[in-house]
Protein chains: 2
Amino acid sequence: MAGNLSTPGASVASRVFALLAAFDAEHRALSLTALAERAGLPLATAHRLAGELVGLGGLERRADRYVVGRLVWDLGLLAPVQVELRQVAAPFLHDLYAATHATVHLAERAGAEVLYLDRLSGRATVPVVSRVGGRLPLHTTGVGKVLLAHAPDDVQRAVLADLARVTPYTITQPGRLREQLRRVHREGFAQTVEEMSPGACSVAVPVRHGPDGQVVAALGLVVPDLRRGRARLIAALQVAAAGIGRSLPAEPSSPGGLPLSESSR
Amino acid sequence: MAGNLSTPGASVASRVFALLAAFDAEHRALSLTALAERAGLPLATAHRLAGELVGLGGLERRADRYVVGRLVWDLGLLAPVQVELRQVAAPFLHDLYAATHATVHLAERAGAEVLYLDRLSGRATVPVVSRVGGRLPLHTTGVGKVLLAHAPDDVQRAVLADLARVTPYTITQPGRLREQLRRVHREGFAQTVEEMSPGACSVAVPVRHGPDGQVVAALGLVVPDLRRGRARLIAALQVAAAGIGRSLPAEPSSPGGLPLSESSR
DNA sequence: AGGTGGGTTCCGCTCAGTGGGAGGATCGGG
DNA sequence: CCCGATCCTCCCACTGAGCGGAACCCACCT
């Protein structure tokens with residue numbers, strides 16, 4: 001991985017991806033200048049390349065802003081990001097939503113963050129910051145705590161060593177969080193109370209799979225209040241999680257692995 | 001845009017996208033040779049570029065196959081492909097599903113095809129070929145007929161001039177289809193009976209928006225049989241479509257359909 | 001007017017990209 | 001066991017695609 005993209009030695013491909021990767025959830029539309037800056041490319045280069053990408057469908061131009069193009073959307077949907085899991089889980093997520101009318105989350109761990117694989121939300125009764133494809137800290141979300149509790153030691157250590165504060169209720173003391181993680185193991189669920197966003201609480205359970213009960217994902221609900229009906233939510237979650245785990249194909253396949261369809265013309 | 005990618009004159013960017021665009025719904029995983037062939041690149045070039053893309057996250061290597069990488073998935077989710085519409089529509093789609101337990105579709109027109117923006121399907125009772133991000137012909141699907149009925153003249157003409165047969169029931173006579181499109185306008189809904197896949201019927205209604213009632217999308221249901229309960233399905237669809245239209249923000253952030261000529265794929 | 005901050009275009013130098021071809025690995029059939 | 005087929009990896013000398021500083025344009029300020 002070369003250093004500065006504007007220095008000779010950087011490949012065109014890396015520059016192309018630098019341009020694309022300049023976009024994120026907070027920057028869905030960028031002016032040429034912003035794009036160049038965020039991509040670390042000279043203005044003229046960014047301009048030429050961006051123009052080329054627009055022609056190829058990788059970017060789109062909206063007035064004086066660039067946005068990610070349709071082709072990328074198309075292609076992204078082909079990426080084997082837990083397709084199997086998401087497919088299998090979808091009906092269970094619906095069931096959960098129907099039963100609770102809460103925001104439903106399906107997530108996996110990606111490094112030291114939660115990666116949201118799917119989300120169902122009714123008309124927002126609670127402010128929810130998650131986004132399909134979005135990442136959030138492990139220690140501030142219900143699904144995150146579940147995943148963290150079942151993560152390898154080194155991940156736990158790394159996360160516990162740096163607990164960023166998000167709200168006044170965010171748990172930032174390693175000791176307290178570690179105790180909570182132990183409880184997750186003991187009780188089979190995790191919860192948060194306004195630790196990610198004010199006014200939002202969550203419960204979550206692991207999705208286990210295979211004979212060894214490997215935790216492959218987490219299933220969570222976000223609600224305005226946990227004081228009433230928590231037991232009911234957990235019960236619903238556990239039923240759904242069990243159903244998902246049971247419905248997953250036996251083969252412990254590579255992460256996200258799926259029918260690797262036949263090749264050739 | 002140039003022809004053969006392996007001839008000098010093709011830009012690196014175009015080669016990169018040729019590699020990515022070599023993947024489609026039927027080819028989610030490709031061997032190097034297949035990849036090179038489908039991208040129209042010399043093997044050595046494909047090898048080197050693909051390797052580079054793997055390093056950048058644009059591709060992923062699974063054993064001896066390449067698949068679309070996570071980065072592209074991430075980025076694709078940022079593409080402004082009717083985000084607003086999909087977001088607004090989501091709860092209504094759930095409602096529809098809850099009410100009917102049929103497969104629910106939200107689609108827009110992309111050139112001379114239907115582009116599926118969202119889909120809910122319970123445990124498959126009916127074989128459904130659609131896929132989020134997938135495209136199907138306008139004349140063989142319920143949502144397609146709705147969108148076609150409200151498409152500009154030139155699109156209608158182009159589509160009517162070439163009605164491919166998909167099943168024995170596919171309508172291939174321009175006259176009959178034209179008559180049906182008139183009925184769509186008159187009656188406010190479209191239907192298909194095994195015209196796309198055997199054993200599947202569909203109904204669909206337009207989603208209108210704004211003071212002029214512009215058709216911005218179509219909402220459809222797929223069921224095994226329309227003889228019973230069609231009226232009920234249509235009623236549900238119309239309520240949902242009206243709700244979506246009403247909930248959309250005043251200014252449609254992006255144009256409904258793409259120009260007919262554009263062929264980004 | 002002059003200034004500022006965006007976007008666009010130009011063009012000659014040069015190094016990144018190219019791809020034919022050699023070589024390796026793996027398989028399976030004779 | 002050899003041999004051919006198939007697929008992947010690597011090398012390297014040639015060259016034209018890509019680069020980006022600089023000039024320019026334009027809209028909108030003061």
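Each chain gets a letter, A, B and so on, in the order the sequences are listed, and its residues count up from 1.
Residue contacts for B:T45: at a heavy-atom cut-off of 4.0 Å it reaches a base atom on one of the strands shown. Counting any heavy atom pair closer than 4.0 Å across all strands shown, B:R61 reaches sugar-phosphate atoms only and no base atom.
Residue A:D64 is the one, among A:D64 and A:A13, whose nearest nucleotide of DNA chain C lies closer to the 5' end (criterion: closest heavy atom).
Salt-bridge check for B:R62 with B:E60: passed, with a basic side-chain N closer than 4.0 Å to an acidic carboxylate O.
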For a side chain to side chain donor-acceptor pair (under 3.5 Å) check, start with the C-alpha distance between A:E52 and B:S11, then their side-chain angles and the critical distance, and finish with the verdict.
CA-CA 9 Å; A:E52 204 170 343; B:S11 68; 2.2 Å; yes

Set out, in order, the CA-CA distance, both residues' side-chain angles and the distance that settles side chain to side chain contact (heavy atoms under 4.5 Å, CB included) for A:L53 and B:F17, then state yes or no.
CA-CA 9 Å; A:L53 290 195; B:F17 276 85; 3.3 Å; yes

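The distance from atom CG of A:L30 to atom P of C:dG6 is 13 Å, rounded to the nearest whole Å. One atom, CZ of B:R65, and another, C1' of D:dC8, lie 13 Å apart when rounded to the nearest Å. Rounded to an integer number of Å, the gap from B:L43 CG to C:dG23 C1' is 14 Å. One can place CG of A:L35 at 17 Å from C1' of C:dG5, the figure rounded to the nearest angstrom. In this structure, A:E52 places its CD atom 11 Å from P of D:dA17, rounding to the nearest Å. When rounded to the nearest whole Å, the span between CG of A:L53 and C1' of D:dG18 equals 14 Å. Residue A:E37 contributes atom CD, which lies 13 Å from atom P of C:dG5 at whole-angstrom precision. Rounded to whole Å, atom P of D:dC8 lies 16 Å from atom CG of B:L49.
For the side chain to side chain donor-acceptor pair (under 3.5 Å) with B:H150, the lone residue among B:R109, B:R208, B:Q214 that qualifies is B:R208. Just one of B:L147, B:V215, B:V216 meets the side-chain contact (heavy atoms from CB on, under 4.5 Å) condition when paired with B:P206; it is B:V215.
Between B:R15 and the phosphate of D:dA17, there is no side-chain N or O to OP1/OP2 separation shorter than 4.0 Å. OP1 or OP2 of C:dT8 has at least one side-chain nitrogen or oxygen of A:H47 nearer than 4.0 Å. A:R48 has a side-chain polar atom (N or O) that falls below the 4.0 Å cut-off from OP1 or OP2 of D:dC19.
Distances from the side chain of B:P42 to the nucleotides D:dG20, C:dG19, C:dG17 place C:dG19 closest. Listed candidates were D:dG18, C:dT18, C:dT9. Nearest to the side chain of A:V12 is D:dG18. Among C:dG21, C:dG17, D:dC7, the nucleotide with an atom closest to any side-chain atom of B:A44 is C:dG21. Listed candidates were D:dC8, C:dG17, D:dC19. Nearest to the side chain of B:S31 is D:dC8.
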